[in-house]
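Bear in mind that the values here come from a model prediction, so they are computed numbers and not experimental data. Residues: numbered from 1 along the sequence shown.
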Amino acid sequence: LNAFTQKMSLRGLINLSQGNLMSLSRATVETLIDLVEIKLSCVEVYDRDDTRELNNLQRCKEELLDLAGLGGKAPAELIAMPKGRRRGRRPNA
């Protein structure tokens, strides 16, 4: 039973309109998240329909993040890289 619950925790279950359940692997859900993020980056809002599509895509991304178990995680913290020696070619003098 423990192995079964671990396997199910790696898969999301989606309730379809007919009442059937469909399982998706975590990798599939993460791919869908990437596709939604790409689409979000391409959307240009000119009218209400575009705003509606943007809101729908954002909702879709949130649902997919929840499905993958990534919804409550904070974004990664950015850290400053220390200034050091410059690598590469010397500048032309």
Practice item. Tell me, with the steps shown, if L57 and E53 meet side chain to side chain contact (heavy atoms under 4.5 Å, CB included). Key: CA-CA 6 Å; L57 286 169; E53 181 182 0; 4.1 Å; yes
Revision key, fill the gap. When rounded to the nearest 0.5 Å, the distance separating CG of L64 from CD of E62 is 10.5 Å
Review point. Got a second to check how far I33's CD1 is from C60's SG, nearest 0.5 Å?
Key: 9.0 Å
Review point. For D47, which of D49, T51, V45 qualifies under side-chain contact (heavy atoms from CB on, under 4.5 Å)?
Key: D49
Practice item. Supply the atom-to-atom distance K39 NZ to L54 CG, rounded to the nearest 0.5 angstrom. Key: 10.5 Å
Check your understanding: Is there a donor-acceptor contact under 3.5 Å linking the side chains of T28 and T31?
Key -> no
Practice item. With salt bridge (Lys or Arg N to Asp or Glu O under 4.0 Å) as the test, would you mind laying out the steps for R59 and E63 before giving the verdict? Key: CA-CA 6 Å; R59 230 181 351 263; E63 288 180 21; 5.4 Å; no
Exercise for review: List the atom of E44, the atom of D50, and the distance in Å for their closest heavy-atom pair.
Suggested key: O-OD2, 3.3 Å
Point to revise | CG on L67 to CG on L32, rounded to 0.5 Å | key: 9.0 Å
